[in-house]
Peer 1: 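Can you read through this structure? Questions will come right after.
In each ligand, atom 1 is the first atom listed, and ligand 1 is the first ligand listed.
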Amino acid sequence: MALIDSHGRTINYVRLAITDRCNLRCTYCMPQSGIDFVSRDDLLSYEEMLRLLKVFKSLDVSKLRITGGEPLVRKGILEFLEEIKAQQIMDGFYLTTNATTTLSHVERLVNAGLKSVNISLDTLDRQKFIDITKRDQLDNVLASMNAFYQSDVRIKINMVVTKGSNEADIVPMAQLAEHRNIQVRFLEEMPFNGLNEMKTQFMTHHDILEKLKTSLPNLTSKPFEHGSTSQNYTVEGWKGDVGIIASYSRTFCGSCNRLRVTPTGQMKTCLYGKNDLDLRGLLRDGSSDEEITQAIKHAVANKPVDGIAAERSRFSTISESMATIGG
Ligand code: SAM
Ligand code: SF4
């Protein structure tokens, strides 16, 4: 029983943010202090998440991404992932992580079904890493990245390009893909910094492409893949490739196939939109799986056509941190 929205898009991908907590404080994502993290009781429990994933499976949702906050900081995450595998709920999972604490868990993650990892990394310069994340963790991230690479896990690096901060790192970051079969992706900064502050100037996907082309003139565009958020490019002679995600310009919504579940169990049919369905409420008020299924189908049917329409449909301006949505 597939989930299809009223714009004809099949929704088969769920992004599950399992915590809003994080061991870093990336400036574009959350303030350095004064954050009201969600209390444990307000988070979905692992049992609730397993039940929900079974409901999604029955709706032909086959792709699962685990995100956060930083997913690895929630106690019990590895056992949760192993349980998904043991119960054969999903055919593996994808992970988005800052990779600061993954080094000792690579083997266990792979054995639990890790298909591909997105590592968030915005610079290769140690001091700039500290400036952006407020923590001295670059060495751990690079060591984890190497360990994932040795394990043959598909790696994508996500770099948020922030005007006035790491523009000069775009080309050195791209060069990570020169000798390794990895994809380095550049994201437009979005206004989800938890500060209720809209920046007036962003590096757009056009700006990022121009910056890349100045050093890599033979960058060649690949055909756009349905369901992808990135426009990808190859460079002759490189093992890996690069991608640009127009996350603020929102050029890719037409082939959107995803849903988000926040750490408190709110379902969002669009990153930029409001919370569309209180799944936690349903899970805790005695609703049956069939009732939850119908509620999900109803919410999906009303998925906004794109992120611009979704933002217009909000009751308020964007003020939340990306850590409460999962990216
Ligand atoms: N902590 C993990 C990490 O950083 O990979 C997972 C959660 S994080 C919220 C998910 C993704 O959102 C990361 O790739 C991060 O770079 C991205 N992100 C966070 N805030 C953003 C913003 N304001 N604009 C664009 N991307 C953002
Ligand atoms: Fe943490 Fe990820 Fe947000 Fe950085 S982007 S503060 S690593 S949740």
Peer 1: Can you name the atoms of ligand 1, numbered from 1 with element, that are less than 4.0 Å from a heavy atom of Gly69?
Peer 2: 1 (N), 2 (C), 6 (C), 7 (C)
Peer 1: N/O of Asn118 under 3.5 Å from N/O of ligand 1, yes or no?
Peer 2: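 No, Asn118 has no N/O under 3.5 Å of an N/O on ligand 1.
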Peer 1: Which ligand 1 atoms are under 4.0 Å away from a heavy-atom of Thr96?
Peer 2: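 Heavy-atom distances to Thr96 below 4.0 Å select 2 (C), 5 (O), 6 (C), 10 (C).
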Peer 1: Quick check on Asn193 - does any of its heavy atoms sit under 4.0 Å from an atom of ligand 1?
Peer 2: no
Peer 1: I'd like to know if atom 4 (Fe) of ligand 2 has an N/O/S atom from Cys26 within less than 2.8 Å of it, counting both backbone and side-chain atoms.
Peer 2: yes
Peer 1: Check the orientation of Tyr248 and Phe202. Use parallel for under 30°, tilted for 30 to 60°, and perpendicular for over 60°.
Peer 2: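 Correct class here is parallel.
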Peer 1: Please list, in number order, the atoms of ligand 1 under 4.0 Å from a heavy atom of Thr67.
Peer 2: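 Atoms satisfying the 4.0 Å criterion: 6 (C), 7 (C).
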Peer 1: Going by the atom numbers of ligand 1, which of them fall below 4.0 Å from some non-hydrogen atom of Asn98?
Peer 2: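 Near Asn98, the atoms of ligand 1 are 2 (C), 3 (C), 5 (O).
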Peer 1: Among all protein heavy atoms in this structure, tell me which lies nearest to atom 3 (Fe) of ligand 2, with the distance rounded to 0.1 Å.
Peer 2: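 Closest protein heavy atom to atom 3 (Fe) of ligand 2: Cys29 SG, 2.4 Å.
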Peer 1: Can you list the ligand 1 atoms lying under 4.0 Å from a non-hydrogen atom of Glu188?
Peer 2: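 Counting atoms of ligand 1 from 1, those under 4.0 Å from Glu188 are 25 (C).
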Peer 1: Asn158 heavy atoms, cut-off 4.0 Å: which ligand 1 atoms fall inside?
Peer 2: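 That gives atoms 14 (O) of ligand 1.
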Peer 1: Quick one: nearest non-hydrogen protein atom to atom 8 (S) of ligand 1, plus distance?
Peer 2: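 Scanning the protein heavy atoms, the shortest distance from atom 8 (S) of ligand 1 goes to Gly68 O, 4.3 Å.
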Peer 1: Heavy atoms only, cut-off 4.0 Å: how does Thr97 contact ligand 1, side chain, backbone, both, or neither?
Peer 2: backbone
Peer 1: Between Asp20, Val160, Leu195, which one has a non-hydrogen atom sitting closest to atom 27 (C) of ligand 1?
Peer 2: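 Among Asp20, Val160, Leu195, the closest heavy atom to atom 27 (C) of ligand 1 comes from Val160.
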Peer 1: Could you tell me which atoms of ligand 1, counted from 1 in the order shown, lie closer than 4.0 angstrom to a heavy atom of Glu189?
Peer 2: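 Taking each heavy atom of Glu189 in turn, ligand 1 has 24 (N) under 4.0 Å.
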Peer 1: Non-hydrogen atoms of Gly68 versus ligand 2: any pair closer than 4.0 Å?
Peer 2: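 It does not; every heavy atom stays at 4.0 Å or beyond.
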Peer 1: Would you say the side-chain atoms of Arg258 pair up with the backbone N or O of Leu271, donor to acceptor, closer than 3.5 Å?
Peer 2: no
Peer 1: Of the protein's non-hydrogen atoms, which lies at the shortest distance from atom 5 (O) of ligand 1, and what is that distance?
Peer 2: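 For this ligand atom, the closest protein heavy atom is Ser120 OG, 2.5 Å.
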Peer 1: Looking at atom 3 (Fe) of ligand 2, is there an N, O or S atom belonging to Cys22 that lies under 2.8 Å away from it?
Peer 2: no
Peer 1: Do Phe192 and Tyr272 have their ring centres less than 6.0 Å from each other?
Peer 2: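 Yes, the ring centres sit under 6.0 Å apart.
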Peer 1: Is it true that Asn23 and Glu70 share a donor-acceptor pair across their side chains at a distance under 3.5 Å?
Peer 2: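 Short answer, no.
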Peer 1: Can you list the ligand 1 atoms lying under 4.0 Å from a non-hydrogen atom of Gly326?
Peer 2: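 Taking each heavy atom of Gly326 in turn, ligand 1 has 10 (C) under 4.0 Å.
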